[in-house]
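Heads up, the thing below is written out as structure tokens.
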Amino acid sequence: MTELAFHNSATRQREIFAPIDPQHVRLYVCGPTVYDLAHLGNARPVVVFDVLARLLRRRFPRVTYVRNITDVDDKINARSQESGEPIAAITARTTADFHADMAALNCLPPDEEPRATGNIDRMITLIERLIANGHAYAADGHVLFAVNSYADYGRLSGRSTEEMLAGARIEVAPYKRDPGDFVLWKPSGDDLPGWDSPWGRGRPGWHIECSAMAWRYLGTDFDIHGGGHDLLFPHHENELAQSVCAFPGSRFARTWMHNGMVLVNGEKMSKSLGNFLTLRDLLANGPWAGEAFRLLLLKTHYRSAIDYTLDRLHEARGELDDFYALLTRGLPEPEEDDPLVAEMAEWALEPVADDLNTPLAVARLRDLRTLENVATVGGSATAVLSRVGRNWQPASGQAAAALRQAAGVLGLLSADPRTWRQGGADDGAAIEAAIAARLAARAARNWAEADRIRAELTAQGIVLEDGPSGTTWRRA
RNA sequence: GGCCCGAUGGCAGAGUGGUGAUGCAGCGGACUGCAAAUCCGCGUACGUCGGUUCAAUUCCGGCUCGGGCCUCCA
């Protein structure tokens with residue numbers, strides 16, 4: 001089995017993955033701030049790191065995947081003040097929506113999904129440690145992290161403090177000793193959520209929550225930290241600084257992985273730009289849209305930017321149609337431990353181990369599809385086999401089993417194939433009757449009648465496929 | 001303005017110091033009563049200018065263009 005290798009943002013290099021504890025791999029990914037529906041860009045890290053988690057679970061005895069819910073944030077407060085809806089209602093509703101949307105993308109839940117508000121005490125502990133260690137100071141009701149107390153500040157995101165100041169045009173709060181200092185704790189008035197603390201009633205700054213939750217569930221040192229590339233600075237830089245300074249001698253995450261942005265019309269999709277499409281908008285295209293979007297994401301390498309278009313979504317759907325067509329054929333089931341099936345599946349997944357090269361893995365899935373089609377429908381697999389460099393001669397059902405197994409690690413092709421192709425209206429019996437009538441007409445060589453029936457079904461959005469083993473149908 | 005990343009055929013998108021994957025679209029063929037599905041085959045690409053090398057799309061540098069971060073952001 002090929003070893004795993006990932007591009008580490010912290011070193012800007014591809015590195016062989018060696019977990020701190022090979023018996024227990026630990027992964028942390030930044031989760032959503034629950035103040036509004038998730039958009040397409042929010043979905044990308046969830047899908048990408050879902051694939052990573054599936055891969056890790058396949059390779060290691062135990063994996064703990066933590067993804068937080070940020071349910072205390074000034075955007076949430078602002079939303080509540082605008083709409084009058086209580087904060088708890090906004091966060092509960094948005095969290096439920098998020099879960100539903102991610103399930104529609106076939107993302108598995110993380111092992112732990114802590115909420116920021118459930119970890120305030122941990123954050124306070126961290127802040128106290130930072131003050132005690134000389135890395136933070138209280139000023140004007142706030143507690144700030146002192147950037148110049150940490151020599152490596154800026155190293156993760158690859159920028160010096162001078163560089164950061166050079167371009168910064170933000171106004172600097174008067175209570176900051178250094179313009180780069182960031183807030184760990186800030187005071188809350190009576191109209192805002194707040195918790196008692198040594199510095200008065202207040203609420204946490206943005207970055208401290210992830211440090212607290214990673215510490216609680218994964219310890220001071222763990223294997224992989226993931227998130228969108230736009231979080232690299234300042235969020236991850238600050239998170240790292242806080243955690244390392246709170247626990248001298250620790251290193252926090254060994255590997256940092258960042259996914260590229262989802263673009264629309266060549267520009268980053270974001271709520272502040274207003275050019276976003278929510279998952280709800282996307283899923284309204286049909287029951288196929290969730291998996292089609294997942295495939296669309298996995299057809300591009302996770303670190304590259306990806307431009308979303310509806311055409312590409314339809315293209316991905318068409319590909320899934322082809323895969324599911326094969327899986328509806330009622331193929332023989334190979335033995336559980338069939339070595340050829342295992343070999344083919346392993347081959348297809350090989351690229352995923354190389355910094356999540358899902359586009360190449362998807363291409364290999366297509367080769368397995370061709371092998372199965374050749375085995376069951378007929379034709380020649382010479383082109384595929386020469387490309388693959390093997391002399392596989394799979395019997396009917398073997399390549400399909402390998403396909404399902406490999407696709408499962410990508411979170412694809414796990415729907416019921418018949419539902420995928422024929423789900424929707426409850427008119428299956430009528431369609432089957434029409435197909436039987438057409439077959440009778442064909443048997444009588446009454447082509448006009450047979451074509452009339454087919455045209456009628458086509459008008460209803462039903463596509464017929466005549467195969468060696470009979471006629472099947474699907475919805476267009 | 002500072003820092004970082006990218007530029008592959010009509011579109012999307014892997015990969016490699018030496019015959020340039022794959023998908024969609026297009027074209028031709030097999031199969032089919034005709035289609036659809038399936039299989040086979042074909043065409044057009046490595047932004048630009050230099051450098052290193054026997055050889056560069058692949059390594060190095062300049063340029064152009066695009067994107068990201070520097071402010072909330074997946």
Side-chain angles (χ1 to χ4, degrees), chain A residues 9 12 29-33 35 38-49 73-75 78 154 157-160 162-171 180 206 226-235 237 258-263 266-273 276 295-296 299-301 303-307 309 311-312 314-316 318-319 321-322 325-326 329 351 354 357-367 369-370 372-374 376-384 387-388 442 445-448 450-451 454-455 458 463-468 471-474 476:
Chain A
S9 305
R12 291 155 196 78
V29 175
C30 290
T33 299
Y35 71 104
H39 63 60
L40 267 36
N42 299 127
R44 171 118 95 145
V46 181
V47 169
V48 165
F49 293 109
D73 182 277
D74 286 349
K75 287 194 292 293
S157 56
R159 55 190 84 202
S160 67
E162 302 84 74
E163 281 167 9
M164 287 182 272
L165 296 179
R169 293 194 192 110
I170 39 168
E171 63 180 278
W206 172 30
H229 195 259
D230 53 353
L231 296 183
L232 182 56
F233 186 87
H235 183 53
E237 188 72 59
H258 291 97
N259 62 273
M261 298 294 99
V262 174
L263 313 181
E267 213 177 7
K268 179 184 171 184
M269 184 179 289
S270 77
K271 285 176 179 162
S272 54
L273 287 175
F276 65 94
L295 174 59
L296 152 42
K299 289 205 315 174
T300 297
H301 186 83
R303 284 194 285 117
S304 301
I306 183 169
D307 213 334
T309 64
D311 279 349
R312 294 196 63 194
H314 281 120
E315 185 182 314
E319 280 205 72
D321 284 341
D322 293 342
L326 167 164
R329 286 205 279 256
D354 182 13
N357 190 345
T358 55
L360 187 56
V362 169
R364 291 185 173 194
L365 256 31
R366 294 177 190 126
D367 284 335
R369 187 190 66 201
T370 298
E372 183 60 49
N373 282 331
V374 166
T376 52
V377 180
S380 159
T382 51
V384 170
R387 177 165 62 241
V388 172
R442 290 180 69 202
R445 304 187 75 79
N446 184 352
W447 310 127
D451 289 348
R454 185 171 63 195
T458 303
V463 179
L464 297 189
E465 292 170 8
D466 294 330
T471 297
T472 59
W473 64 276
R474 66 178 167 88

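Protein chains get the first letters and strands the later ones, always in sequence-line order, with residue 1 at the start of each.
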Name the nucleic acid region contacted by A/E315, choosing base, sugar-phosphate or nothing; use a 4.0 angstrom heavy-atom cut-off, strictly under.
base

Any base atoms under 4.0 Å from A/V262, or only sugar-phosphate, or nothing? Heavy atoms, all strands.
base

Specify the separation, in whole Å, of atom NE2 of A/H301 and atom P of B/A7.
12 Å

Pick the P atom in B/C11 and in B/C54, then give their distance to the nearest Å.
37 Å

If the threshold is 4.0 Å, N to carboxylate O, is there a salt bridge linking A/D451 and A/R454?
yes

Nucleotide N/O of nucleotides 34-37 of chain B paired with protein N/O under 3.5 Å:
unit_1, atom_1, unit_2, atom_2, d
B/C34, O2, A/R454, NH2, 2.6
B/C34, N3, A/R454, NH1, 3.0
B/C34, N3, A/R454, NH2, 3.3
B/A35, N6, A/D466, OD2, 3.0
B/A35, N1, A/D466, OD2, 2.9
B/A35, N3, A/R454, NH1, 2.8
B/A36, N1, A/D466, O, 2.6

What's the verdict on salt bridge (charged side-chain N to carboxylate O under 4.0 Å, His left out) for A/E372 and A/R329, showing C-alpha distance, side-chain angles and the deciding distance?
CA-CA 11 Å; A/E372 183 60 49; A/R329 286 205 279 256; 5.9 Å; no

Atom CZ of A/R12 and atom C1' of B/G6: how far apart are they, to the nearest Å?
16 Å

Here the distance between atom C1' of B/A25 and atom NE2 of A/H314, to the nearest Å, is 16 Å

Assign each of A/D307 and A/T382 the nucleotide of RNA chain B bearing its closest heavy atom; nearer the 5' end lies the nucleotide of A/D307

What N/O pairs connect the protein and nucleotides 65-69 of chain B at under 3.5 Å? Give each pair on its own line.
unit_1, atom_1, unit_2, atom_2, d
B/G68, OP1, A/K268, N, 2.9
B/C69, OP1, A/K268, NZ, 2.3
B/C69, O2', A/R159, NH2, 3.3

Nearest-nucleotide pick for A/A383, side chain only, options being B/A74, B/G23, B/G41:
B/G41

Which nucleotide sits closest to the side chain of A/K299: B/G33, B/G23, B/C40?
B/G23

Considering every strand and a 4.0 Å limit on heavy-atom distances, what is the contact class for A/S272: base, sugar-phosphate, or nothing?
base

Classify A/L231 by what it touches in the nucleic acid, base, sugar-phosphate, or nothing, heavy-atom distance under 4.0 Å.
sugar-phosphate

Roughly how far apart, to the nearest Å, are B/C59 and B/A55 at atom C1'?
13 Å

Candidates B/C39, B/G23, B/G13 - which lies nearest the side chain of A/S380
B/C39

Please answer whether the main-chain N or O of A/N357 pairs with a side-chain N or O of A/D354 as donor and acceptor at a distance below 3.5 Å.
no

Give A/G378 one of three labels, base, sugar-phosphate or nothing, depending on what nucleic acid heavy atoms sit under 4.0 Å from its own.
sugar-phosphate

Is any side-chain N of the basic residue among A/E237 and A/R159 closer than 4.0 Å to the acidic one's carboxylate O?
no

Whole-angstrom distance between B/A12 and B/C46, as gauged at atom C1':
15 Å

Atom CG of A/N357 and atom P of B/A21: how far apart are they, to the nearest Å?
16 Å

Could you work out the separation of B/G20 and B/A45 based on their C1' atoms and round it to a whole Å?
9 Å

P gap between B/C65 and B/U52, integer Å:
28 Å

Relative to the 5' end of RNA chain B, which residue comes earlier, A/R312 or A/R44, by the nucleotide with the nearest heavy atom?
A/R312

Considering every strand and a 4.0 Å limit on heavy-atom distances, what is the contact class for A/A38: base, sugar-phosphate, or nothing?
nothing

Please state how far atom CG in A/D311 lies from atom P in B/G13, giving the value in whole angstrom units.
13 Å

Base, sugar-phosphate, or nothing for A/G260, non-hydrogen atoms under 4.0 angstrom?
base

Nearest whole angstrom, please: distance from the P of B/C11 to the CD of A/E319.
18 Å

Suppose you measure atom P in B/U22 against the same atom in B/C39; what distance do you get, rounded to whole Å?
13 Å

Watson-Crick or G-U stems involving RNA chain B, each at least 3 pairs long, distances under 3.5 Å, ordered by first number:
B:1-7 with B:64-70, B:10-12 with B:22-24, B:26-30 with B:38-42, B:47-51 with B:59-63

Distance from A/E319 atom CD to A/L365 atom CG, nearest 0.5 Å?
9.5 Å

Rounded to whole Å, please give me the gap between CZ in A/R387 and P in B/U16.
17 Å

What pair of heavy atoms forms the shortest contact from A/V463 to A/A476, and how long is it?
CG2-CB, 4.1 Å

Determine the contact category for A/H258: base if any of its heavy atoms lies under 4.0 Å from a base atom, sugar-phosphate if only primed atoms, P, OP1 or OP2 are that close, otherwise nothing.
nothing

Can you tell me how far apart CG (A/L263) and CE (A/M269) are? Round to the nearest 0.5 Å.
8.5 Å

Here the gap from A/D307 atom CG to A/R312 atom CZ, rounded to the nearest 0.5 Å, amounts to 8.0 Å

Expected output: side-chain A/N42 to main-chain A/H39 donor-acceptor under 3.5 Å
yes

Pairwise C1' distance for B/G41 and B/G67, with rounding to whole Å
39 Å

Between A/F233 and A/S157, what is the shortest heavy-atom contact and its length?
CD1-OG, 3.4 Å

Measure from CD1 on A/I306 to P on B/G6 and round the result to the nearest Å.
17 Å

For a quick test of reading the model: is some side-chain N or O of A/N42 closer than 4.0 Å to OP1 or OP2 of B/A74?
yes

Nearest heavy-atom pair of A/N259 and A/P45: which atoms, and what distance?
OD1-CB, 3.2 Å

Could you check whether A/T370 gets within reach of a base, just the sugar-phosphate, or nothing at all, counting any heavy atom under 4.0 Å?
sugar-phosphate

Atom CH2 in A/W447, atom CZ in A/R442: separation rounded to 0.5 Å?
6.0 Å

Over 12 non-hydrogen atoms of neighbours within 6.0 angstrom of CZ in A/R445
no

A/G226 versus A/F49, closest heavy-atom pair with distance:
CA-CZ, 3.5 Å

Considering only atom C1', compute the distance from B/U53 to B/G68 and round it to an integer number of Å.
35 Å

